[in-house]
Amino acid sequence: MDVDGHHRTLTVDHRMTLLDALRERLDATAPKKGCDHGQCGSCTILVDGRRVTSCLTFAVAADGAQITTAAGLGDGDAVHPVAQAFHDEDAFQCGYCTPGQICSAVGMLDEVKSGAPSFVSDDLEATPELTGAEIRERMSGNLCRCAAYPNIVAAIEKAAVR
């Protein structure tokens with residue numbers, strides 16, 4: 001698999017999660033282990049451009065995949081626009097959930113651009129309008145114990161117009 005732009009090869013037990021492979025075997029510490037049940041979103045990464053909870057994904061399922069963690073976003077020294085918006089809008093407090101929030105936001109914005117509707121989309125055939133309700137619905141799988149949600153929504157709104 002390629003992890004944050006670097007080809008990595010490893011042999012794992014078929015029961016090992018992608019999160020554990022990344023953190024324990026490849027020293028990728030951006031995805032965090034929160035609940036280990038796919039309920040908090042702190043382990044969210046992008047696999048072939050789609051957001052996934054890595055604690056619920058087997059590492060063997062990522063064979064040959066392009067894995068992007070929050071640490072792999074951006075272009076060289078340039079910060080990714082979503083990460084910059086999180087900084088600008090103070091969309092974090094303790095920061096534990098932030099890498100998962102940022103990866104989820106990047107994936108979510110791509111879903112919106114592709115026209116994928118959500119539960120709160122008014123028109124299922126039109127390109128969704130990125131309202132606060134739309135953002136909150138699409139980000140509902142990512143929890144923040146510090147309750148920085150208003151700033152997270154503001155950051156995503158800001159990143160969407162960049």
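Checked by atom type and distance alone, the side chain of T98 never pairs as donor or acceptor with a backbone atom of F92 at under 3.5 Å. Between the side chain of R23 and the main chain of P31, a donor-acceptor pair closer than 3.5 Å is present. Using a distance-only test at 3.5 Å, with no hydrogens or angles considered, a donor-acceptor pair links the side chain of N151 to the main chain of D90. Formation of a donor-acceptor pair under 3.5 Å by the S121 side chain with backbone atoms of L124 is not found in this model.
More than 12 heavy atoms of other residues, nucleotides or ligands sit less than 6.0 Å from atom CG of D123. Heavy-atom contacts from other residues, nucleotides or ligands closer than 6.0 Å to CG of D110 number more than 12. Heavy atoms from other residues, nucleotides or ligands lying under 6.0 Å from OH of Y96 number more than 12.
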Test side chain to side chain contact (heavy atoms under 4.5 Å, CB included) applied to V47 and L18, step by step: CA-CA 10 Å; V47 176; L18 183 53; 4.1 Å; yes
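L46 and V52 fall into different hydrophobic clusters, where Ile, Leu, Val, Met, Phe, Trp and Tyr side chains are chained together by heavy-atom contacts under 4.5 Å. Both L10 and I67 belong to a common hydrophobic cluster when Ile, Leu, Val, Met, Phe, Trp and Tyr are linked at side-chain heavy-atom distances under 4.5 angstrom. L22 and L56 fall into different hydrophobic clusters, defined by Ile, Leu, Val, Met, Phe, Trp and Tyr side-chain heavy atoms under 4.5 Å apart, directly or through other members. Connection of F86 to V112 is established within a shared hydrophobic cluster, with ILVMFWY side chains joined at heavy-atom distances below 4.5 Å, either directly or through further cluster members. In the hydrophobic clustering of ILVMFWY residues, with side-chain heavy atoms under 4.5 Å counting as a link, I45 and F58 come out together.
The shortest heavy-atom contact between A159 and P81 is CB-O, 4.1 Å. The heavy-atom pair separating Y149 from C144 by the smallest distance is OH-N, 2.8 Å. When all heavy atoms of S42 and G34 are compared, the closest pair comes out as OG-N, 3.3 Å. Residues S118 and E137 share a closest heavy-atom pair of OG-CG, 3.8 Å. Between G38 and C55, the closest heavy-atom pair is N-SG, 3.2 Å. Here the shortest heavy-atom pairing between T29 and K32 reads O-NZ, 2.6 Å.
Counting only heavy atoms from C-beta outward, the side chains of V79 and H87 never approach each other to under 4.5 Å. The shortest distance between side-chain heavy atoms of E111 and R50 does not fall below 4.5 Å. Using a 4.5 Å cut-off on side-chain heavy atoms (C-beta onward), M108 and M139 make contact. Contact of the H80 side chain with the V106 side chain is registered, since non-hydrogen atoms from C-beta on lie closer than 4.5 Å.
In this structure, the separation between CD on Q84 and CD on E89 is 10.5 Å, given to the nearest 0.5 Å. For the atom pair L19 CG and T69 OG1, the distance stands at 11.0 Å (nearest 0.5 Å). Taking CG of L143 as the reference point, atom CD of Q101 lies at 8.0 Å (rounded to 0.5 Å). Taken from OG in S114 to CG in L109, the straight-line distance is 11.0 Å, to the nearest 0.5 Å. Annotation: the span from M1 atom CE to L26 atom CG amounts to 6.5 Å, rounded to 0.5 Å. Between the CG atom in N142 and the OG atom in S104 there is a gap of 3.5 Å [rounded to 0.5 Å].
Remark: R8 does not engage D2 in a salt bridge, criterion side-chain N to carboxylate O under 4.0 Å. Salt-bridge formation is detected for the pair R15/D13: a Lys NZ or Arg NE/NH1/NH2 atom is positioned less than 4.0 Å from an Asp or Glu carboxylate oxygen.
The salt bridge (Lys or Arg N to Asp or Glu O under 4.0 Å) test applied to D36 returns K33, not counting sequence neighbours.
Side chains of T44 and R51: a donor-acceptor N/O pair is absent below 3.5 angstrom, by distance only.
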